[in-house]
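A note on names: the letters A, B, ... follow the listed sequences, proteins ahead of strands, and every chain is numbered from 1. Keep in mind that what you see is a predicted model, and the values were worked out from it rather than measured. The figures here come from the full heavy-atom set of this structure, side chains too, leaving out hydrogens, waters and symmetry mates.
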Amino acid sequence: MSHKKFTRLVSKTVILPQENIDTDQIIPARFLTTTSRGGLGRAAFYDWRFDADGQAKATNPFAKFEPESHQILVAGANFGCGSSREHAPWALFNYGFRAVISTKIADIFKSNALKNGIVPIEIPAQRHNDLMGRVAAELIIDLEHCKIELPGHWTESFLIDPFGRRCLLDGVDPLDFLQAREADISKFEARAL
Amino acid sequence: MSAKSLFEKVWDSHLVCEQTAEHPAILYIDRHLVHEVTSPQAFTELRQRGLKLRCPERTFATMDHSTPTVPLAADGSPVYASEASRLQVQTLHENCQQFGIELFGWDSPNRGVIHVMAPELGLTLPGMTIVCGDSHTATHGAFGALAFGIGTTEVGHVLATQCLLQHKPKSMLVTIDGKLPPNASAKDIALSVIAKLGASGGVGYVIEYAGEAVRSLDMEARMTLCNMTIEAGARAGMIAPDEVTFAWLQGKKHAPSGIKWEQAISQWQKLRSDKDAKFDAQITLNASLIEPMITYGPSPDLAMPVSGTVPKPIDEVEQQGLDYMNFSSDQPLLGQSVDVVFIGSCTNGRISDLRDAARILLRHKIHQRVRMLVVPGSEQVRRQAEDEGLDEIFKNAGAEWRLPGCSMCIAMNGDQAEAGQLVVSTSNRNFEGRQGKGARTVLASPATAAACAIWGQIADPRPFMELPHVA
């Protein structure tokens with residue numbers, strides 16, 4: 001696996017104020033017939049970006065904020081709920097996103113995002129509200145120190161799965177880690193099964 | 001020894017390594033269910049790393065999401081909606097062959113929606129850890145298993161090591177006291193619980209369902225309830241196994257038999273929360289107040305009694321949801337024109353669900369405007385329904401009787417609604433575009449969906465239930 005490393009990110013935000021943005025919105029199911037991980041950026045938020053004829057929608061929230069230069073998605077609570085499809089972070093990463101910020105991020109999406117180079121960050125409602133009110137604010141995300149900074153305004157610490165963080169910082173591969181515990185796994189099987 | 005909840009008992013008995021400051025717990029997985037959509041990239045990963053499947057005997061696969069439900073072609077081959085779908089199913093076939101996985105494919109009498117099929121075969125047993133690259137894996141918690149959905153990278157982890165790195169979730173007890181009215185169903189309980197918790201109220205938790213009303217549910221109803229746990233954000237829902245569970249499991253193909261059955265029962269009887277078990281959160285519902293429910297917005301927690309009026313939106317986002325649904329607040333939904341009715345899915349595609357719908361449809365025709373798809377959850381369900389003549393009831397009423405599959409629940413096999421159409425669906429998600437771009441979905445029980453099909457509008461199933469039944 002091409003394990004994605006992440007240490008520090010300085011980029012701008014795209015705001016999606018909606019709560020409960022489910023993974024069907026992030027990538028509609030009709031794009032899931034693929035057998036590879038690649039090339040899904042085109043499908044990211046497809047129905048928010050394009051109309052039935054494939055023309056760009058006037059309401060496309062990404063029209064002015066290309067994820068290439070706006071790599072931080074700030075979304076309403078419970079981002080990534082619904083289907084467990086890992087195609088959601090694959091699509092977001094391929095589209096250009098490297099971090100998602102919300103007050104609450106759905107469990108399976110959070111786990112999938114961490115494994116695919118996207119840092120899921122949960123921050124208090126007050127900070128979140130502040131970000132929601134700013135267009136394309138530039139943020140500094142420091143994964144080493146678990147801090148997010150709006151330069152000139154505030155700095156906030158965030159909690160993140162320490163193992164997932166280490167995987168992103170040091171390029172630790174979780175499957176390698178599990179395989180290295182083979183002796184423990186065999187011991188468990190002998191004892192419990 | 002301190003008191004433990006059902007969840008803690010199953011969790012603790014599967015710990016290969018405890019959680020430390022350095023890493024999450026390593027959890028052993030008893031059963032791994034695999035389907036065509038979320039597995040190909042995991043198999044590719046194994047091949048690239050030169051890894052083998054660690055436990056073929058714990059791994060079972062079927063094809064359900066991309067598979068067509070329309071009749072097979074004259075030569076017996078399935079009629080796929082796209083070449084990509086066909087290729088995806090073929091890829092699963094090849095992967096199962098290469099890695100030595102038992103696949104319930106087109107030629108199997110057991111093929112079905114993975115969460116319908118596995119319990120039917122006794123692959124789901126109390127106290128197991130069960131995972132699948134599918135969020136509705138929560139279904140299997142109905143048997144007292146710890147069952148949850150995982151991503152494709154984790155599918156690879158389980159294929160290669162039979163283990164997962166997991167943080168221990170918090171626990172929530174959802175008690176449903178009292179007696180459920182006979183004209184309400186497990187689907188109505190599920191929608192009531194989700195409405196109460198909200199779409200994110202369960203994030204970070206495993207839910208245990210308990211109380212008189214839960215104990216009174218049969219196994220299929222318990223599966224419906226656990227299935228939708230993820231719609232409140234909780235990854236797993238569990239119900240302690242009891243005599244109802246054991247009676248349902250006895251004789252199933254992969255269930256233990258003989259002396260092993262007796263031994264299993266005595267182990268399974270311990271799978272209940274101790275009297276003093278602690279939960280991180282608790283809520284209680286009164287089952288006697290539960291009515292047939294429907295959803296009014298594009299999120300499963302936006303649910304209300306079918307006879308209710310749409311509540312005022314709490315914010316702009318909820319208003320946008322109502323705009324998408326083309327509903328307004330303070331309006332009743334009864335009488336709203338319905339275009340499509342879907343009965344099926346891992347939520348409500350079992351034989352009891354089809355019986356509920358057929359009972360309402362008997363001697364009725366569906367409204368001329370309505371297109372109705374009835375999609376059995378598995379080949380076993382299909383055969384049982386046909387033996388009971390349910391297929392004839394559906395066909396005589398004007399519905400399409402299909403082959404098993406996920407069908408319109410996820411709408412990736414060609415079964416879908418058109419933009420603007422209102423769908424009454426027995427599935428689990430009503431997200432924008434879930435059943436086709438621009439399609440509007442209302443979730444309901446099989447009985448409510450059947451009543452809506454007859455009237456061609458959103459309808460209360462209760463008047464139909466008061467008529468005498470013909471067995």
- Taking every heavy atom of B:I230 against every heavy atom of A:I108, the minimum-distance pair comes out as CD1-CD1, 4.1 Å
- Note on the structure: The complete set of salt bridge (charged side-chain N to carboxylate O under 4.0 Å, His left out) pairs with one or both residues in residues 22-41 of chain B, sequence neighbours excluded, reads B:D30-B:R58
- Query: Can you check whether B:I26 reaches A:F188 side chain to side chain, under 4.5 Å on heavy atoms?
  - Reply: no
- Message: For a 4.5 angstrom cut-off between non-hydrogen side-chain atoms, does B:Y28 reach A:L193?
- Response: yes
- Validation row: A:L175, B:R49 side chains within 4.5 angstrom (heavy atoms): yes
- Message: Below 4.5 Å, heavy-atom pairs only: which of A:D47, A:N20, A:D184, A:T23 has the largest tally toward chain B?
- Response: A:D47
- Item | Side chain proximity check, A:E189 to B:C55, heavy atoms < 4.5 angstrom | yes
- Message: Within a 6.0 Å radius of atom CD on B:Q98, are there more than 12 heavy atoms belonging to other residues, nucleotides or ligands?
- Response: yes
- Side-chain touch B:T38/A:E86, heavy atoms, less than 4.5 angstrom: no
- Any sub-3.5 Å donor-acceptor pair from A:N78's side-chain atoms to B:A199's backbone N or O? yes
- Task: Indicate yes or no: at least one non-hydrogen side-chain atom of B:F43 is less than 4.5 angstrom from one of A:T35.
- Result: no
- Item | Heavy-atom donor-acceptor pair, A:K104 side chain to B:G201 backbone, under 3.5 Å | no
- Message: With heavy-atom distances below 4.5 Å as the criterion, would you say the side chains of A:S83 and B:R429 are in contact?
- Response: yes
